[in-house]
Amino acid sequence: MESYSFVKVFAPATVANVAAGFDVLGFALDNPGDIIELKRISERKVTIKAIHGDSGKLPLVADKNTASFAVSRFLSDIGEPFGVELVIHKRMPLKSGLGSSAASSVGAVFGANKMAGNPLSRKELIQYTMEAERVACGSAHADNTAPAILGGFVLIRSYDPLDVVKLPVPEGLACAVVHPHTEVNTGDARKILKKEISLTKAIRQWGNLAALVAALFMNDLELLSRSLQDVIAEPIRSLLIPGYERVKEAAMMAGALGCSISGSGPSVFALCGNLERAGAVGKSMVEAFDSIGLDSDLYVSRINVEGPRVIEEL
Ligand code: HSE
């Protein structure tokens, strides 16, 4: 069994919810993504040596940071006689709806598993990254961490017991994600949602979610387009995103298959039939934010089907 003293990992950003799948559906992106470095240390503890790219906003205290929290729990469960020193390179904005906390915990736990000789499967690692989400926002949802670790589109059929299903990705499918320069705290964006919904809304939502899953299996982009609707979270959360309706309209006019809020926002994603279209759609979305005086960053990406990857190991 090979084991390593240093592992460097890329871990992808993710789009959670994907319109109809609040807390149960997400997909991974090729761009952006975090880089996590892990160094084996003889002392059985997990420390963070440095975090780059977060403007000093993330906690360096091991049990408050999603990456170190996940690795600590993982190492203590597998009983390996070593510790880890982490260096985290944030390559995506915080509190943006791009699964930033998930990318760091996924990169860290994936690297630690590699360092230990891969004792656990990717699916088994999800529990650690999911619990780490509770540290970040008070809720242990898996619709960022499961796709970040498995790649592609992932459905969470059940949380207890955890039952995740990897879904197919239509050839060429691409995404534009636009991050307006404003922050939304996931915990707050969860609190404003209604705790109960009407049967009428539930019927619309599960119809769309089931059709979305069918569209992925059938490679049917027209059905995918019709299914990218959210009648539960989007009507409420879009109020937190200045210019949301204008941006969505710009995306649809430019030929997006569908457009909605990425995770808890404020980023807005648009799925498109190919990468070129995603570039044009993203540009229109940026212009729409611009027109109300809000700067934004654009990420254009294919769907990441492999999840995290090792960049270097020694
Ligand atoms: N499903 C979660 C939410 C994702 O929408 O609150 C947040 O990252």
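All figures in this text were calculated on a predicted structure; none of them were measured in a lab. When a residue number appears, it is its place in the shown sequence, counting from 1. Start at 1 and go down the list; that is how both ligands and their atoms are numbered.
- Between the side chain of Arg302 and the backbone N or O of Gly172, no donor-acceptor pair lies under 3.5 Å.
- Which parts of ligand 1 touch Asn144 is read off a 4.0 Å heavy-atom cut-off, strictly below it: atoms 4 (C), 7 (C), 8 (O).
- Interface of Phe22 with ligand 1, defined as ligand atoms under 4.0 Å from a residue heavy atom, comprises 3 (C), 5 (O), 6 (O).
- Contacts between Asp23 and ligand 1, counted as non-hydrogen atom pairs separated by less than 4.0 Å, involve both the backbone and the side chain.
- Between Glu183 and Lys57, at least one side-chain nitrogen of the basic residue sits less than 4.0 Å from a carboxylate oxygen of the acidic one, meeting the salt-bridge criterion.
- Within the listing of ligand 1, atoms 1 (N), 2 (C), 3 (C), 6 (O) sit less than 4.0 angstrom from a heavy atom of Arg190.
- Atom 7 (C) of ligand 1 has His141 NE2, 3.5 Å as its closest protein atom, hydrogens excluded (heavy atom only).
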Yes or no on salt bridge (charged side-chain N to carboxylate O under 4.0 Å, His left out) for Glu131 and Arg73, after CA distance, side-chain angles and deciding distance? CA-CA 9 Å; Glu131 272 308 314; Arg73 295 287 188 289; over 6 Å; no
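- You'll find the side chain of Leu29 reaches within 4.5 Å of the side chain of Leu98, heavy atoms only.
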Worksheet entry | Chi angles and distances behind the side chain to side chain contact (heavy atoms under 4.5 Å, CB included) call for Asp297, Phe289 | CA-CA 10 Å; Asp297 302 314; Phe289 273 126; over 6 Å; no
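- Ion pairing of Arg91 with Asp34 is absent here, as no side-chain N (NZ or NE/NH1/NH2) approaches a carboxylate O to less than 4.0 Å.
- At a 4.0 Å cut-off, at least one heavy atom of Arg237 sits close enough to ligand 1 to count as contact.
- Residue contacts with ligand 1 for Lys95 are absent, since no atom lies close enough (heavy atoms, distance under 4.0 Å).
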